[in-house]
Amino acid sequence: MAFTGLTESQKEDMVVSLATLVLHDGSAPITADSINAVINASGNTVASYWGGLFENLLTGKDVDELILKPAAGGPAGPGGEGAAGAAAAEEEE
């Protein structure tokens with residue numbers, strides 16, 4: 001995977017995210033030390049705070065749930081008007 005075109009911060013975020021997924025997929029504990037070990041083994045480097053940040057963010061969370069559930073609060077996609085759009089369409093007729 002190439003990281004060309006990413007800022008340094010984006011690259012670090014991607015590297016830490018992928019390291020976290022490697023640990024999760026291997027059923028290994030997601031700790032700052034284990035994240036940093038995977039990153040070092042991959043030949044990458046990141047700022048020292050990233051491992052601890054991800055550990056704190058994921059402690060007590062179900063990583064599968066975070067991966068599989070869609071994010072809430074985003075804009076509706078095309079045709080996502082729902083009941084409000086249908087009611088407005090009926091009023092126009």
Side-chain angles (χ1 to χ4, degrees):
M1 169 179 255
F3 294 118
T4 57
L6 298 178
T7 66
E8 189 63 25
S9 181
Q10 290 170 327
K11 177 188 170 234
E12 289 183 351
D13 186 18
M14 180 68 73
V15 168
V16 177
S17 296
L18 292 172
T20 302
L21 290 173
V22 165
L23 292 167
H24 175 69
D25 190 51
S27 300
I30 299 173
T31 65
D33 289 338
S34 60
I35 291 169
N36 289 327
V38 170
I39 292 169
N40 290 335
S42 73
N44 288 286
T45 58
V46 298
S48 60
Y49 65 84
W50 279 106
L53 178 69
F54 270 61
E55 177 182 8
N56 290 336
L57 287 171
L58 296 173
T59 298
K61 305 283 188 315
D62 181 355
V63 175
D64 284 324
E65 185 175 321
L66 294 172
I67 294 169
L68 299 174
K69 283 195 172 182
E81 297 169 340
E90 283 182 27
E91 286 179 23
E92 290 178 15
E93 293 176 6

Notebook entry, point to check: For the side chain of N40 and the backbone of N36, is there at least one donor-acceptor N/O pair under 3.5 Å apart?
Noted result: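 Indeed, once roles are kept as given, a pair shorter than 3.5 Å links the two residues.
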Next item on the list: Using modelled atom types only, decide if a donor and an acceptor are shared between the side chain of N56 and the backbone of G52 within a distance under 3.5 Å.
Entry: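 Such a contact is found between N56 side chain and G52 backbone.
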Margin query: Please evaluate residues S17 and D13 with respect to the criterion side chain to side chain contact (heavy atoms under 4.5 Å, CB included), reporting the C-alpha separation (whole Å), side-chain torsions for both, the decisive distance (0.1 Å), and the verdict.
Written below: CA-CA 6 Å; S17 296; D13 186 18; 3.6 Å; yes
Margin query: Quick check for you: to the nearest 0.5 Å, what is the distance between D62 atom CG and I67 atom CD1?
Written below: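 One finds 9.0 Å between CG of D62 and CD1 of I67.
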Check: CG/D25 to CG/D64 distance, rounded to the nearest 0.5 angstrom?
Finding: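 D25 atom CG to D64 atom CG measures 9.5 Å (nearest 0.5 Å).
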Note to self: Regarding S42 and N44, do their side chains bring together a donor and an acceptor under 3.5 Å, going by distance alone?
What the structure shows: yes
Work out which heavy atom in [X] is nearest to a heavy atom in [Y]; give both atom names and the distance.
{"X": "E12", "Y": "V46", "answer": "OE2-CA, 3.6 Å"}
{"X": "I35", "Y": "G51", "answer": "CD1-O, 3.7 Å"}
{"X": "S9", "Y": "W50", "answer": "O-CZ2, 4.0 Å"}
{"X": "I30", "Y": "H24", "answer": "CD1-CB, 4.0 Å"}

Margin query: Show, in sequence, the C-alpha distance, side-chain angles and deciding distance for K11 and E8, and conclude whether the side chain to side chain contact (heavy atoms under 4.5 Å, CB included) test is met.
Written below: CA-CA 5 Å; K11 177 188 170 234; E8 189 63 25; 4.3 Å; yes
